[in-house]
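One structure is given below, encoded as structure tokens.
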Amino acid sequence: MDYKDTNAAMSTITYDKNEIEATTGNIYEAISIISKRAEQINNDLKKELVDKLEEFATYNDSLEEVFENKEQIEVSKFYERLPKPTALAVDEWLNGKVYHRTPETE
């Protein structure tokens, strides 16, 4: 999933409770689904960041290390500027992009 092109909030905002619970009819179930999705997003972003930072890993000291560190810092800053996983999950939930099911009712 491409989390870079999203309209999720960059800071804390207030959501309408009725919009969040509209799909499930239960606010607690909706929040549970959103939190599980936020954990998935967080794991995806963390794996992506670690993979990118491993490209810069060097096991010897050299003068190039200074430039590599600058690139590492830029990559890290980019990921820090992304919306938080919870904001991404709420945005996906409100736009109907989250698939969920309850096996008990099926």
Side-chain angles (χ1 to χ4, degrees):
M1 178 109 197
D2 190 19
Y3 303 115
K4 289 110 182 139
D5 299 325
T6 182
N7 294 327
M10 295 297 286
S11 62
T12 305
I13 62 170
T14 303
Y15 294 99
D16 184 12
K17 177 181 92 66
N18 295 328
E19 285 182 43
I20 291 181
E21 71 179 9
T23 307
T24 61
N26 185 336
I27 188 70
Y28 300 107
E29 184 178 353
I31 290 174
S32 175
I33 294 167
I34 291 169
S35 71
K36 288 176 186 175
R37 179 63 184 138
E39 287 178 24
Q40 291 174 342
I41 292 170
N42 187 44
N43 290 336
D44 290 347
L45 287 174
K46 185 175 181 178
K47 183 181 180 306
E48 189 177 312
L49 175 62
V50 168
D51 290 345
K52 286 189 180 196
L53 290 178
E54 282 181 357
E55 294 174 7
F56 300 109
T58 58
Y59 302 104
N60 58 1
D61 294 332
S62 66
L63 293 175
E64 294 178 11
E65 186 175 336
V66 174
F67 299 111
E68 292 173 358
N69 286 340
K70 287 181 183 179
E71 292 172 356
Q72 284 177 323
I73 291 169
E74 289 302 316
V75 168
S76 296
K77 283 184 179 181
F78 172 78
Y79 279 92
E80 287 176 4
R81 285 191 297 263
L82 288 176
K84 302 296 180 217
T86 50
L88 292 167
V90 170
D91 185 58
E92 287 181 359
W93 177 257
L94 292 176
N95 292 321
K97 297 179 182 175
V98 176
Y99 170 76
H100 70 282
R101 62 187 182 96
T102 51
E104 298 86 31
T105 61
E106 294 179 358

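For clarity, every value in this text was computed on a predicted model and none was experimentally measured. The figures here come from the full heavy-atom set of this structure, side chains too, leaving out hydrogens, waters and symmetry mates.
- V75 is not listed as a side-chain neighbour of E55, based on a closest heavy-atom distance of 4.5 Å or more.
- Listed by first and then second residue, the side-chain hydrogen bond (donor to acceptor under 3.5 Å, both in side chains) pairs involving residues 80-89 amount to none (not counting sequence neighbours).
- Atom OG1 of residue T24 and atom NE2 of residue H100 lie 6.0 Å apart, to the nearest 0.5 angstrom.
- To the nearest 0.5 Å, atom CD of residue E71 and atom CG of residue L53 are 11.5 Å apart.
- With sequence neighbours left out, A9 forms a side chain to side chain contact (heavy atoms under 4.5 Å, CB included) with I13, Y15.
- Take E19 and apply the side chain to side chain contact (heavy atoms under 4.5 Å, CB included) test, not counting sequence neighbours, and it matches D16, L94.
- Residues passing the side chain to side chain contact (heavy atoms under 4.5 Å, CB included) test with N42 are P85, sequence neighbours excluded.
- Between the side chain of D91 and the backbone N or O of A87, no donor-acceptor pair lies under 3.5 Å.
- V90 is connected to V98 through a chain of hydrophobic side-chain contacts under 4.5 Å among Ile, Leu, Val, Met, Phe, Trp and Tyr, so both are in one cluster.
- For E21, the side-chain hydrogen bond (donor to acceptor under 3.5 Å, both in side chains) test picks out K17, with sequence neighbours left out.
- We find the NZ-CD distance between K36 and E39 to be 8.5 Å, quoted to the nearest 0.5 Å.
- With hydrophobic clusters built from ILVMFWY side chains whose heavy atoms lie under 4.5 angstrom apart, Y79 shares a cluster with L88.
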Side chains of residues 26-35: which donor-acceptor partners sit under 3.5 Å, not counting sequence neighbours?
unit_1, atom_1, unit_2, atom_2, d
N26, OD1, Y28, N, 2.9
S35, OG, I31, O, 3.4
S35, OG, S32, O, 2.8

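- Contact detail for M10 and L82: the closest heavy-atom pair is CE-C, 4.2 Å.
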